[in-house]
Structures are given as C-alpha cells and as structure tokens.
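Residue numbers begin at 1 in each chain, while the letters A, B, ... track the order of the sequences. What you see is a predicted model, and the numbers here were worked out from it, not measured in a lab.
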2 protein chains.
Amino acid sequence: MNISQAGDASDLSPKTIRYYESVGLVRPDRLANGYRDYGSDQIRELVFIRRARHFGFSVDECRQLLMLYRDPGRESREVHSLVGHKLEEMNRHIDELVQMKSILEQMVSACPADEGSECAIIDSLAEPEPVGGVKAAEPVPVADDGQNAREGR
Amino acid sequence: MNISQAGDASDLSPKTIRYYESVGLVRPDRLANGYRDYGSDQIRELVFIRRARHFGFSVDECRQLLMLYRDPGRESREVHSLVGHKLEEMNRHIDELVQMKSILEQMVSACPADEGSECAIIDSLAEPEPVGGVKAAEPVPVADDGQNAREGR
DNA sequence: CCTTGACCTTCCAGTAACTGTAGGGTTTAG
DNA sequence: CTAAACCCTACAGTTACTGGAAGGTCAAGG
C-alpha cells in the first residue's frame, strides 16, 4: 500500500503521515524504488494515532499510547493513568475557558453596540477595576501553571 | 521606564514585550544608549494586551482591539462584533472539548486499571466499532473547519 | 517511443506565540 | 577596576503540521 492509499485508509494526508514518520511514530517498509509501503498493521496504527490526536493527545502522548498499544505485556493501569492525567488537564482547560467565556459575555452584554465610542469591553480590558458590573476582570492568580514564567533575572 | 520595569508593571516578561514590539503592537521610545523607554500610556497598552491575550484573543486580534482602544472615534459596535465572534468561537471550542472529554471519561471508566493487558481505552482507540458501551468513538463529521484539508491530489 | 499527468521522493520555509541562547554593550555597586 | 545585573540584536527551537520547490517514477495514450 503506498502513501496516498494509506492516507485514504487512515483518513490522514500523506503529508501528515510522512510527518508522523519523521517524528518516529510509524516506520513503513520501502519498495525497491524508494516508495513507502504500508501494511494493514501500520494502517491500524495510523488510525489509532488519528483518533488519539482527535481526543487531544499530543504527538508525544500518542507515541506513549502507541508503545502501550504495541506492547502485549502492557498493564491496563498504565494506560488508565496516562489518560486519567490527560482528562484532568482537559478539565482544567475547559474550566478556564468557561470562566473566560462568562466574563467576556458579561462584557459583551454591557457594551451598547452602537455608533458611540463608549464601550464597556474596552474599559474592562483597560481598567484594573470592575467596570459596569463586571467583577474580577482579573480572575486572580488561578494556579499559574508556569505559562507566565518570567525571564531569568 | 526601561523594559524590565515595564515588565514588572504590566506583568509580562521583557522577552514577551520585545516580541510584541517585533510584531508591531507597542513601539516604545529609545534612550540615547539604545535602551527602550516606556511611558505610562504604553504600560497601559501592555496591560490591555495581556488581558486580551488572557481572554483568548490572538495577537492579531489584540492588534485590532488595540487599534479600537486607541481610536477615540471608534464605534462600540465594532468592538462588540469582534468580541462576539470570539465568543462564538470559544463556545464551539468548549463544546468540542466537552464532547471529547465525556468520551474519554467513558473509556477510562471502562478500563480495569489493573496489571492485565486488556484495556478498553486502547481498544476504543484501535477499533472503529463501539467497544464496551462506548458509543460513537468517531463523533461523526462535526462541521470540519478546514483543519483536515487533504493534500492537493 | 515519447509525452503527459499523477504519483512518489527529499528538503526547506512558514505558521503562532513565544522561549532560550549566544555574543556583545552599559550601568551600577563595591 | 571588576563583577553583577542590566540592556541590545539575532538566530534557533518549540508544536503539529502545511505548502512548495526540485526532481524521480509509473501507467496510459497517441
């Protein structure tokens, strides 16, 4: 099976499949002419990766899942723990988004949305103090996860 | 005010501030020795940007918000519309995450999490058919937003 | 036999939003 | 006078791809 057939079978672009190979996920055979040759096991692995990516796993996490997938002696609790951590991460991410969303919604509803220049949204973004009923535009240090690391100084 | 003071005042790293300058957001004055010099208006703009970024606006959207912020003749409905679109986007994003999350939760609860190799999570990622009560592991084409563009062929 | 089109290959560049590092100048405190 | 702690620029690396260039291969049609 050549790469575009593999792409059709796994619902990935040939480009993406080559990329996954370049980062060490799926290593196909090569034909005499240098073309990649995929077997059905490899197709299954590509599908596995597409699904895992779809569920929010990073390529690196996919690599780990793939190792577990390939290992007949794996312990299901390893998989469980990996995915459990991912779920916690997703929950934190969702919580943060929902929080941001509701504050934005308050801002939007407080904005007149007319031809005037006065705008509660702009004010909220510019001012540290609550403006027009929008409380805590600064949702206080919500467990800084190291995203805002300061430059070493 | 030099760049690290500006960083303290705006809660951004000097690195990030330089980056924002390099992409055309905030252009400070320069002292005779070449050091950047920030005024209080610029600090306010940096804070404005940090907030907007925190609420999920891209740097490019920050640029637009900043233009509206600076423009005394802006119309609040422009701001309203920009932020409204962002909110819709966030809602779509949250919906998708929540969907993925609940499927992963089903998988996790179906996994024995012991020393055995049998694992519902691995099976769900590998198999196209519903396994162990997990329905629709493939959440059907949910408005493909062009992320999965196929290679031109 | 030759050409055309559709594949295939590799490699390099670009995306977003920074962070890290190198190499070098300046300022300030001891 | 020197060492720390700044400042500057510029380039590389990160993530997960996508796009494009340059060139090889293969099957079909004239």
Value in whole Å for how far the [atom2] atom of [N] lies from [atom1] of [X]:
{"X": "D37(A)", "N": "dC26(D)", "atom1": "CG", "atom2": "P", "result": "13 Å"}
{"X": "R53(A)", "N": "dA16(D)", "atom1": "CZ", "atom2": "P", "result": "5 Å"}
{"X": "I3(A)", "N": "dT18(D)", "atom1": "CD1", "atom2": "P", "result": "12 Å"}
{"X": "R18(B)", "N": "dA22(C)", "atom1": "CZ", "atom2": "C1'", "result": "14 Å"}
{"X": "R30(B)", "N": "dT26(C)", "atom1": "CZ", "atom2": "P", "result": "14 Å"}
{"X": "Y19(B)", "N": "dT19(C)", "atom1": "OH", "atom2": "C1'", "result": "11 Å"}
{"X": "I17(B)", "N": "dT19(C)", "atom1": "CD1", "atom2": "P", "result": "11 Å"}
{"X": "K15(B)", "N": "dC11(D)", "atom1": "NZ", "atom2": "P", "result": "13 Å"}

Is there a side-chain contact between [X] and the phosphate of [N], meaning an N or O under 4.0 Å from OP1 or OP2?
{"X": "R63(B)", "N": "dA17(C)", "result": "no"}
{"X": "T16(A)", "N": "dA16(D)", "result": "no"}
{"X": "Y35(B)", "N": "dT27(C)", "result": "no"}
{"X": "R50(A)", "N": "dA16(D)", "result": "no"}

Query raised in the report: Nearest nucleotide by nearest heavy atom, which residue falls closer to the 5' end of DNA chain D, S58(A) or N33(B)?
Result: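 The 5'-side residue here is N33(B).
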Report task. With the side chain of S4(A) defined as its heavy atoms from C-beta on, choose the nearest nucleotide among dC7(C), dC8(D), dT9(C). Result ->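 It is dC7(C).
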Picking from dC8(D), dC8(C), dT10(C), the nucleotide nearest the side-chain atoms of R36(A) would be dT10(C)
inquiry  = Regarding E89(B) and K86(B), does a basic nitrogen lie under 4.0 Å from an acidic carboxylate oxygen?
reply    =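 Looking at K86(B) together with E89(B), the answer is yes, because their closest N to O distance falls below 4.0 Å.
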Query raised in the report: Can you say whether the rings of H93(A) and H93(B) are parallel (under 30°), tilted (30 to 60°) or perpendicular (over 60°)?
Result: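 Plane angle over 60°, so perpendicular.
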Using a cut-off of 4.0 Å on non-hydrogen atoms, how would the nucleic acid contact of F57(A) be classed: base, sugar-phosphate, or nothing?
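Nothing, no heavy atom under 4.0 Å.
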Item checked: Hphob cluster co-occupancy, M1(B) + I49(B), side-chain heavy atoms under 4.5 angstrom ->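 Yes, one cluster joins them.
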Grouping I, L, V, M, F, W and Y whenever their side-chain heavy atoms are under 4.5 Å apart, do F48(B) and V23(B) come out in a common cluster? yes
task = Check whether any side-chain N or O of S58(A) sits under 3.5 Å from a backbone N or O of E61(A) as a donor-acceptor pair, and report yes or no.
result =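 Yes, the answer is positive, given that a donor and an acceptor are paired below the 3.5 Å cut-off.
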